[in-house]
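Read through the structure below, which is laid out as structure tokens, and then see the notes.
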Amino acid sequence: TGLYPPGSTFKPFMALGALEMGKRTPSQAISDPGFYMFGGHRFRDDKVGGHGMVDMYKSIVVSCDTYYYVLANDLGIDPISRFMAMFGFGSRTGIDIGGESAGILPSSEWKMRRFKQKWYPGETISVGIGQGYNSYTPLQLASAMATLANDGVMFRPHIVNYVEDIRTLEKSLIEPKPLRDLALKPEHLKVIKDSLIGVNKEGTSARVFADAPYVSGGKTGTAQVIAIKQNEKYVESRVAERHRDHALFIAYAPADKPTIALAVIAENSGFGARAAAPVARQVLDYYLLGKVPRKPA
């Protein structure tokens with residue numbers, strides 16, 4: 001039922017959408033000075049001074065905001081919305097448990113319906129990094145990651161394993177059934193998957209997965225709870241705990257033949273690499289290796 005901005009976990013899907021729409025090639029690069037100017041507004045990157053030249057692989061591995069500011073503006077809100085809808089963003093997954101939220105996948109039509117206002121181009125910029133009106137459940141993030149790991153084949157998630165007839169005691173197993181095949185191009189999927197592996201090998205979560213005996217793909221995310229003014233810098237210690245950033249991490253493993261995908265959100269806990277990725281590592285270690293996490297001292 002919880003809804004959260006996805007932060008940078010949105011970026012791999014943005015990149016995949018750009019490939020599928022023919023708006024980017026993997027080698028196409030931008031120069032990142034550490035910000036993006038649009039309509040007189042300065043959209044800041046996470047790294048002061050920027051990341052230099054950034055292609056698609058690097059944009060995901062180092063999580064370059066500027067790359068996705070530019071990309072969001074080039075794509076436009078409605079093409080972004082249509083592509084993300086394919087992965088289930090903004091829709092209930094249909095899981096067999098009550099109370100599931102649908103979330104918010106913004107579009108020009110959604111804004112007109114919700115606020116009776118037109119969509120402004122400047123609003124698209126922050127959507128590209130998983131901020132703005134974006135609001136999804138952790139289950140939607142996990143489902144989207146599972147779909148990507150499964151080469152674009154989406155399944156309905158289940159809690160129920162089987163249904164038992166109370167009269168005959170006969171058990172009917174709930175078999176997994178594909179909902180749809182997104183028909184994504186294999187070469188595009190490979191670019192994104194290689195980048196997600198790079199995140200855990202040399203990128204934002206490399207330290208957490210440094211000694212892992214398996215290869216996994218992942219993406220860190222940090223989602224703002226409150227807006228920060230243009231000339232202000234976010235300092236966690238100066239912000240009330242309830243207003244601190246959420247930490248996110250999505251992952252799948254093993255990379256060559258995935259059997260698990262997940263999403264972790266640590267509320268008001270700061271950076272995804274610091275707070276959410278270590279939790280994901282423990283879950284993957286337990287699922288794949290049977291390794292039980294140590295109890296805190």
Side-chain angles (χ1 to χ4, degrees), residues 6-16 19 26 55-63 87-88 93 130 138-159 161 176 178 181-182 184-222 247-266 269-296:
S8 293
T9 63
F10 209 54
K11 291 174 180 175
F13 302 98
M14 284 287 297
L16 182 57
L19 292 172
D55 61 7
M56 186 171 284
Y57 177 85
K58 185 176 179 180
S59 77
I60 294 173
V61 170
V62 303
S63 201
F87 279 89
T93 65
L139 184 61
Q140 285 173 336
L141 289 173
S143 178
M145 190 57 149
T147 302
L148 195 157
N150 205 37
D151 295 333
V153 179
M154 177 178 283
F155 285 81
R156 175 187 172 190
H158 285 286
I159 294 291
N161 185 32
D181 186 339
L182 306 189
L184 301 166
K185 292 186 177 178
E187 61 269 29
H188 296 163
L189 282 164
K190 185 179 186 306
V191 171
I192 303 304
K193 286 184 175 183
D194 287 348
S195 301
L196 293 172
I197 292 169
V199 171
N200 287 354
K201 279 191 170 182
E202 58 176 320
T204 51
S205 51
R207 184 175 296 180
V208 175
F209 286 88
D211 60 345
Y214 51 84
V215 178
S216 60
K219 183 69 191 79
T220 54
T222 304
L248 300 94
F249 191 73
I250 57 175
Y252 68 92
D256 59 341
K257 195 173 182 181
T259 58
I260 180 173
L262 56 80
V264 176
I265 294 183
S269 298
F271 299 111
R274 184 183 70 195
V279 176
R281 170 69 194 272
Q282 290 186 25
V283 174
L284 294 177
D285 281 359
Y286 177 76
Y287 188 85
L288 297 172
L289 309 173
K291 184 178 178 181
V292 178
R294 281 187 242 169
K295 292 183 179 180

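These figures come from a predicted structure and were not determined experimentally.
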How would you list, by chain and number, every residue that makes a salt bridge (Lys or Arg N to Asp or Glu O under 4.0 Å) with D285, sequence neighbours excluded? R281
Supply the atom-to-atom distance E202 CD to R207 CZ, rounded to the nearest 0.5 angstrom. 15.0 Å
Who are the salt bridge (Lys or Arg N to Asp or Glu O under 4.0 Å) partners of K185, not counting sequence neighbours? none
When rounded to the nearest 0.5 angstrom, what distance separates CG in L289 from CG in L284? 9.0 Å
Go through the steps for L141 and L248 under the test side chain to side chain contact (heavy atoms under 4.5 Å, CB included), then give the verdict. CA-CA 10 Å; L141 289 173; L248 300 94; 3.9 Å; yes
Side chain of S143, backbone of Q140: donor and acceptor closer than 3.5 Å? no
May I ask you to decide if the ring planes of F249 and F209 are parallel, tilted or perpendicular, using 30° and 60° as cut-offs? parallel
What distance do S8 atom OG and I250 atom CD1 have between them, rounded to the nearest 0.5 Å? 10.0 Å
To the nearest 0.5 Å, what is the distance between CG on L16 and CE on M56? 8.5 Å
Flag if over 12 foreign heavy atoms under 6.0 Å of OH, Y286: no
The criterion is salt bridge (Lys or Arg N to Asp or Glu O under 4.0 Å); which residues satisfy it with K58, sequence neighbours excluded? none
For P278 against A275, the heavy-atom pair lying closest together: CD-C, 3.8 Å
Per the side-chain hydrogen bond (donor to acceptor under 3.5 Å, both in side chains) rule, what does the pair list look like for residues 146-158, sequence neighbours excluded? D96-H158, D151-K193
Quick check for you: to the nearest 0.5 Å, what is the distance between T222 atom OG1 and R274 atom CZ? 8.5 Å
Evaluation steps, side chain to side chain contact (heavy atoms under 4.5 Å, CB included), between I60 and K219: CA-CA 8 Å; I60 294 173; K219 183 69 191 79; 4.0 Å; yes
Between P254 and L288, is any pair of side-chain heavy atoms under 4.5 Å apart? yes
Would you say I192 and F13 make side-chain contact, with heavy atoms under 4.5 Å? no
Side chains of L196 and V61: does their closest heavy-atom pair fall under 4.5 Å? no
Could you tell me which residues satisfy side chain to side chain donor-acceptor pair (under 3.5 Å) with S216, sequence neighbours excluded, listed by chain and number? N200
Pairing residues for T204 by the side chain to side chain donor-acceptor pair (under 3.5 Å) criterion, not counting sequence neighbours: T220
OH on Y57 to CG on D194, rounded to 0.5 Å: 7.5 Å
Keeping the roles fixed (side chain from K11, backbone from S63), state whether a donor-acceptor pair exists under 3.5 Å. yes
